[in-house]
Amino acid sequence: MANGVRVRFAPSPTGDIHIGNLRAAIHNFLFARHEGGKFLLRIEDTDRERNTPQAIASLLDYMAWMGLDFDEPPVYQSKNLAIHKEAAERLLKSGHAYRSTKGAEGKGEAIIFRLNFDVSYSDIVKGPLAKSAADLKDFVILRSDGTPTFHLANVVDDIRMGITHVIRGDDHVENTFKHVPLFRALGAEPPRYAHLPQIVNEKGRPLSKRDGDVNVGEFRAKGYLPDALFNALALCGWSPGDDREIMTREEMIEAFSLERVRPSPARFDYRKLEWINSQYIARMPAERLRKLLDAELASAGLDAGCRDDNWWKILLEPVRPRLKTLKDFVPLVRTFFEQPETYEPKDVRKYLAEGNGRRFLEDLLGAFGAVADWTAQSAGEALQKYAEGKGLKLGEVAQPLRVALNGRAVSLPMDATLFLMGKDEVLARIRRCLQRTAGA
RNA sequence: GUCCACAUCGUCUAGCCAGGCCUAGGACAUCAGAUUCUCAGUCUGAGGACCGGGGUUCGAAUCCCCGUGGGGACACCA
């Protein structure tokens with residue numbers, strides 16, 4: 001099924017990947033995989049000042065993080081400079097271009113491509129597009145300093161790489177009227193084009209850095225999973241045509257087609273990404289999740305070294321549905337590593353000062369103390385039995401206990417909390433709370 | 001200003017190309033109810049859209065025209 005499809009993602013490495021570009025990369029990837037073709041990477045590193053080695057390393061790192069595996073070694077555009085120049089000279093000889101100093105302000109002669117004829121092409125997502133000679137004008141392909149412009153470099157490299165489909169943002173639609181004739185003048189058949197709609201912000205304008213959260217790095221830092229981001233971005237401008245939204249990569253590959261990409265701009269839905277992320281967390285294998293969460297603890301300076309498999313097993317179940325992102329984890333479990341610094345006054349008043357909360361806590365000291373084998377089940381049962389014995393609803397004792405253990409009336413379910421905290425710690429915290437809130 | 005596309009719930013979209021199956025489907029978000037030891041989650045339900053105007057047609061969200069709106073492109077940037 002190798003039908004010769006070759007596509008490329010051609011970012012200029014400026015340190016981080018904008019989600020608009022990332023979406024283009026994803027669609028290129030999906031298309032290549034769907035067609036059984038090749039997905040290539042070309043690093044457009046001709047701007048030497050901005051394109052540092054670290055920027056390139058970070059680009060490669062993000063590609064790997066997203067699982068955007070390319071099929072051939074990356075092509076570095078900066079290495080093709082001589083070839084670009086040679087192409088410009090060939091166009092000069094063939095009469096497609098000419099030398100001129102126009103608009104250069106004394107910089108010397110540049111090579112200009114002659115564009116004085118009608119151009120048309122058929123875009124896979126936008127349909128047939130045409131421009132008449134009157135609306136087109138000659139353009140520079142080789143600057144007076146001998147360096148190629150984007151248009152020349154882009155086209156020459158695409159020819160060299162055997163690119164069959166160019167899938168990119170639709171801010172390039174107009175450029176294509178330059179690129180198509182360039183391909184022909186260089187004796188090559190132009191590739192098929194698919195221009196992806198822009199991703200816009202709240203105001204309908206293209207996403208810019210000022211909007212915040214536009215770079216992959218920011219999403220990674222905020223605890224989003226690469227697969228969730230991939231899924232959300234794949235759905236940006238594209239849909240499988242049925243009602244599926246959460247899809248595995250294989251399902252997306254299977255369903256993907258450029259014909260189904262919408263031509264109109266799309267706002268990126270951050271809330272939906274959040275939801276998608278929570279879905280991925282909910283479905284993720286426990287082993288992987290544990291590894292990721294362990295890293296979260298480490299970066300928060302919390303040592304989980306002494307926690308065993310069972311501890312994690314008990315923890316994961318109630319934690320999963322509470323995570324929208326990985327960053328929600330530490331606040332949920334900090335209480336298992338550190339005593340509460342303060343007791344929420346509102347909760348103290350409601351659950352300890354006003355009712356019989358303090359009495360319950362004192363009783364619980366005994367009830368818990370009597371539990372020999374401390375598990376989530378046994379600790380939970382002790383609590384339940386105590387409540388039943390008093391003719392109380394579980395909540396009536398659970399809430400005061402929450403305040404004593406966590407400093408506030410919100411926590412994971414009590415059975416898990418009791419176990420995860422450990423018997424000694426539970427008893428110690430109850431005593432401490434009784435002391436600190438005495439007379440409150 | 002010129003040229004080019006675009007326009008369905010608050011948002012992302014299905015439907016449009018091949019007009020009737022659309023009293024316009026799904027998802028996120030919102031609201032309500034249920035479950036419940038808190039918070040989440042889950043389940044059930046509700047509200048919510050074819051930009052406007054003309055045409056074509058027995059019939060238009062779907063085809064055509066005009067208008068409007070927001071956008072893109074007009075560099076010796078990429």
**Asked** Can you find a side chain N or O atom of A/S239 that sits less than 4.0 Å from OP1 or OP2 on B/rA14?
**Response** yes

**Request:** May I ask you to decide whether A/K85 forms a salt bridge with A/E89, counting only side-chain N to carboxylate O separations under 4.0 Å?
**Result:** no

**Request:** Report, as a single string ordered 5' to 3', how protein heavy atoms within less than 4.0 Å touch nucleotides 61-66 of chain B: B base, S sugar-phosphate only, - not at all.
**Result:** ------

**Request:** Indicate, with a heavy-atom threshold strictly under 4.0 Å, whether A/R168 touches base, sugar-phosphate, or nothing.
**Result:** nothing

**Message:** Suppose we call a contact any N or O donor and acceptor under 3.5 Å apart; does that hold for the side chain of A/N175 and the base of B/rA78?
**Reply:** yes

**Request:** Check whether any side-chain N or O of A/R6 sits under 3.5 Å from a backbone N or O of A/M161 as a donor-acceptor pair, and report yes or no.
**Result:** yes

**Fill in**
Per-nt protein contacts along nucleotides 20-26 of chain B (heavy atom under 4.0 Å; B base, S backbone sugar-phosphate only, - none) come out as -----BB

**Message:** Applying salt bridge (charged side-chain N to carboxylate O under 4.0 Å, His left out) as the test, list every pair that has at least one member in residues 227-254 of chain A; sequence neighbours left out.
**Reply:** A/D227-A/R249, A/D242-A/R244, A/E245-A/K272

**Prompt:** Can you list the residues that meet the side-chain hydrogen bond (donor to acceptor under 3.5 Å, both in side chains) rule with A/T176, with sequence neighbours excluded?
**Reply:** A/R168, A/H195

**Fill in**
Quick note, side-chain hydrogen bond (donor to acceptor under 3.5 Å, both in side chains) partners involving residues 15-24 of chain A, not counting sequence neighbours, are none

Please list, one pair per line, the donor and acceptor atoms closer than 3.5 Å that link side chains of residues 385-392 of chain A to other protein atoms, with sequence neighbours excluded.
{"unit_1": "A/Y386", "atom_1": "OH", "unit_2": "A/D363", "atom_2": "OD2", "d": "2.6"}

**Asked** Using a cut-off of less than 4.0 Å, is there contact between a side-chain N or O of A/R271 and OP1 or OP2 of B/rC12?
**Response** no

**Prompt:** Should B/rG69 form a Watson-Crick or G-U wobble pair with both distances under 3.5 Å, which nucleotide is its partner?
**Reply:** B/rC6

Tabulate atom names and distances for all N/O pairs under 3.5 angstrom spanning the protein and nucleotides 39-45 of chain B.
{"unit_1": "B/rC39", "atom_1": "O2", "unit_2": "A/R322", "atom_2": "NH1", "d": "2.5"}
{"unit_1": "B/rC39", "atom_1": "N3", "unit_2": "A/R322", "atom_2": "NH1", "d": "2.2"}
{"unit_1": "B/rA40", "atom_1": "O2'", "unit_2": "A/P321", "atom_2": "O", "d": "3.1"}

Which protein N or O atoms sit under 3.5 Å from an N or O of nucleotides 3-7 of chain B?
{"unit_1": "B/rC3", "atom_1": "O2'", "unit_2": "A/K131", "atom_2": "NZ", "d": "2.6"}

**Asked** Hey, does the side chain of A/T335 reach the backbone of A/N406 with a donor-acceptor pair shorter than 3.5 angstrom?
**Response** no

**Asked** Looking at B/rC12, B/rA14, B/rC37, which one has an atom nearest to any side-chain atom of A/R402?
**Response** B/rC37

**Complete:** Rounded to whole Å, CG of A/D415 lies from P of B/rU38 at a distance of 13 Å

**Asked** Strictly by modelled atom types, are A/S378 and A/D373 linked by a side-chain donor-acceptor pair under 3.5 Å?
**Response** no

**Request:** With sequence neighbours left out, write down each residue that passes ring-ring contact (aromatic ring centres under 6.0 Å, His included) with A/H165, or none if nothing qualifies.
**Result:** A/F31

**Message:** Is the shortest side-chain heavy-atom distance between A/L292 and A/M284 below 4.5 Å?
**Reply:** yes

**Asked** Is any side-chain N or O of A/R260 closer than 4.0 Å to OP1 or OP2 of B/rG15?
**Response** yes

**Request:** Please report, rounded to the nearest Å, how far the C1' atom of B/rC74 is from the NE2 atom of A/H172.
**Result:** 15 Å

**Message:** Can you measure A/L142 atom CG to B/rA75 atom P for me and round it to whole angstrom units?
**Reply:** 19 Å

**Asked** Going by the salt bridge (charged side-chain N to carboxylate O under 4.0 Å, His left out) test, which pairs reach into residues 396-421 of chain A, not counting sequence neighbours?
**Response** none

**Prompt:** In this structure, which one of A/T149, A/L92, A/V140 forms a side-chain contact (heavy atoms from CB on, under 4.5 Å) with A/I111?
**Reply:** A/L92

Check nucleotides 50-52 of chain B against the protein and report each pair of N or O atoms closer than 3.5 Å, with its distance, or say if there are none.
none

Side-chain donor-acceptor contacts of residues 340-349 of chain A below 3.5 Å, not counting sequence neighbours, with atom names and distances?
{"unit_1": "A/Y343", "atom_1": "OH", "unit_2": "A/R432", "atom_2": "NH1", "d": "3.1"}
{"unit_1": "A/D347", "atom_1": "OD2", "unit_2": "A/A409", "atom_2": "N", "d": "3.0"}

**Asked** A/K423 side chain to A/V371 main-chain N or O, any donor-acceptor pair under 3.5 Å?
**Response** yes

